[in-house]
Amino acid sequence: MISRAWISNRGSRRLALFRPLHLHQYFATAASVKPPLQNHFLVEFLINSLGFSREEAFATTKKVKLWKSSRNDPNSVLNYFQTLGLSNSQLKILFSSSPTLLTSNVAKTLQPKVQILQEYGILGSDLVRVLINLKSVLYSGATGLRPRIDYVRNLLGSRDAVKAIKRYTPLISRDGPKRIATRVAFLQKIGFSNQNVARLIVFKPRLIRVDIERLEEISRILENDIGISRESKMFYHGIGVLCSLNKSKLEGRFEFFRNFGWSDEVIRSMIRTFPYVLGTSEYKIRNCWNFFVKELRYPPDYLASHPVIFSFSFEKRVKPRSEVLKLLNEKLKKKTRCLYSALCMTEPKFVANFLLPYSKEMPYVLESYFKTVGSRQTENTLV
């Protein structure tokens, strides 16, 4: 059983890379109080320039204590963000949560920070995502932004640093380096190499928001309850997976697996083999179960001993590759290769082994697979 000592997550601290705000629900509540009369100009600007409803504009301007006419022209701010590629809907999200950005000086405040991000390779839609999800970057001084990015680059490497920042912008927030350093020290203390520390932060950048106490509890669960040694490479993967699961979700996942007739020891064995099974959607697992156990008549223990199967796309890999093997077996009157081996192959290798050798003799097999998987993916393997 999972240890009852699990410390539940104290409130949701997870920040999405990009998630639209529930604007309508918020505006309906907040707009009941009208803004100060001095903010009338801002209300009209949001309505006329960004398409806000009057209700939305009232709710937004409540966040601005007093709009001074002597402040910078909001049109210059709006035009600048438009040149960066932000759509109207993205601009509404940005300014509804942080309307004081409209008072910024483009040349002195906004442009220097944006240029730094661009210099490090954060461009286009990635730049838009960063700006929307970490507005504090635009408020903080440019002198502090560059050292924070450099810190992440020195830890992760240039390419992975940009990748991680795109996925989780708080890595370069004001307290980002401090949080990262604390988590790095903990991971090193429990035996992670520098390489695995960097890989884990790239894979799970939200790790920097996980309390040290919870990380300690996660490591104890992996070792004592699941049975994954710290020396095992699966321990590294287990840390990343369990960071996203609190006690309730973990217990719920065990209960979900028990419904398939698996004992707790079998479930723990699955996790030791492939920790990512804990993060696989229940929909995908049910699809695989129904297909392998009910349709193909595989014993349930087969899936338990090959949990990586659950990670494959059912529609794009499991089902179409199974159909190819079935057609070949019927045509050749013999079993060509086990389905599991075929599922684990890369796309080019699968095409080379199971499709190209029979393309003239059985062209319909290739055509069927081509239609199911998608023309672009399959065509790339035939070049």
Does a side-chain N-to-carboxylate-O contact under 4.0 Å join Glu295 and Lys319? no
Kindly say whether Asp301 contributes a backbone atom to a donor-acceptor pair with the side chain of Ser305 at under 3.5 angstrom? yes
Using modelled atom types only, decide if a donor and an acceptor are shared between the side chain of Arg230 and the backbone of Phe235 within a distance under 3.5 Å. no
Can we say Arg258 and Glu255 salt-bridge, meaning some charged N sits less than 4.0 Å from an Asp/Glu carboxylate O? yes
Under the criterion ring-ring contact (aromatic ring centres under 6.0 Å, His included), which of Phe274, Phe312, Tyr340 is the partner of His306? Tyr340
Keeping the roles fixed (side chain from Ser232, backbone from Ile228), state whether a donor-acceptor pair exists under 3.5 Å. no
Thr61 side chain vs Phe58 backbone, donor-acceptor pair below 3.5 Å: yes
Report the C-alpha distance between Glu217 and Lys247 in whole Å, list the side-chain angles of each, state the deciding distance to 0.1 Å, and finish with yes or no for salt bridge (charged side-chain N to carboxylate O under 4.0 Å, His left out). CA-CA 11 Å; Glu217 186 65 19; Lys247 177 184 176 180; over 6 Å; no
Chi angles and distances behind the side chain to side chain contact (heavy atoms under 4.5 Å, CB included) call for Leu355, Tyr369: CA-CA 9 Å; Leu355 294 175; Tyr369 186 81; 3.4 Å; yes
Using 30° and 60° as the class boundaries, would you call the ring planes of Phe203 and Tyr236 parallel, tilted or perpendicular? tilted
Please check if the side chain of Asn105 supplies one atom and the backbone of Lys108 the other of a donor-acceptor pair under 3.5 Å. yes
In terms of hydrophobic clustering (I, L, V, M, F, W, Y; side-chain heavy atoms under 4.5 Å; direct or indirect links), are Ile165 and Leu123 co-clustered? no
Is the closest side-chain donor-acceptor distance between Asn194 and Gln188 under 3.5 Å? yes
Salt bridge or not for Arg220 and Glu223, using N-O below 4.0 Å? no
As an exercise, state the distance from CG of Leu278 to OG of Ser244, rounded to the nearest 0.5 Å. 10.5 Å
Geometric class of the Trp262/Phe257 ring pair [parallel <30°, tilted 30-60°, perpendicular >60°]: tilted
Sidechain-backbone polar pair: Arg214 side chain, Cys243 backbone, donor-acceptor under 3.5 Å: yes
Does the pair Glu265/Arg272 count as a salt bridge with the N-to-O cut at 4.0 Å? yes
Tell me, do Pro170 and Arg209 make a side-chain contact under 4.5 Å, heavy atoms counted? yes
Using the ring of each side chain (for Trp, its six-membered ring), is Phe314 parallel, tilted or perpendicular to Phe291, with breaks at 30° and 60°? perpendicular
Atom CG of Leu102 and atom CG of Leu50: how far apart are they, to the nearest 0.5 Å? 7.0 Å
Closer than 3.5 angstrom, by distance alone: can the side chain of Asn353 be matched with the main-chain N or O of Lys349 as a donor-acceptor pair? yes
Please answer whether the main-chain N or O of Glu216 pairs with a side-chain N or O of Ser219 as donor and acceptor at a distance below 3.5 Å. yes
Are any side-chain N or O atoms of Thr280 and backbone N or O atoms of Tyr276, one a donor and one an acceptor, separated by less than 3.5 Å? yes
Could you check whether Lys316 pairs with Glu347 (Lys NZ or Arg NE/NH1/NH2 to Asp/Glu carboxylate O, under 4.0 Å)? no
Main-chain N/O of Val197 paired to Arg183 side chain as donor or acceptor, under 3.5 Å: no
Taking only Lys NZ, Arg NE, NH1 and NH2, and the carboxylate oxygens of Asp or Glu, determine whether Glu56 and Lys92 approach each other closer than 4.0 Å. yes
Drop me the distance from Ser229's OG to Leu222's CG, to the nearest 0.5 angstrom. 11.0 Å
Could you tell me the separation between the CD atom of Glu44 and the CD1 atom of Ile47, rounded to the nearest 0.5 Å? 5.0 Å
Answer yes if Tyr364 and Phe350 sit in the same cluster of Ile, Leu, Val, Met, Phe, Trp and Tyr residues linked by side chain heavy atoms under 4.5 Å apart, and no otherwise. yes
Could you tell me whether the side chain of Cys344 reaches within less than 4.5 Å of the side chain of Ser341, counting heavy atoms only? no
Do the ring centers of Tyr358 and Phe354 come within less than 6.0 Å of each other? no
Between Arg148 and Asp175, does at least one N-O distance fall below 4.0 Å, as a salt bridge requires? no
Only residue of Val130, Ile132, Leu131 satisfying side-chain contact (heavy atoms from CB on, under 4.5 Å) with Val128 is Ile132
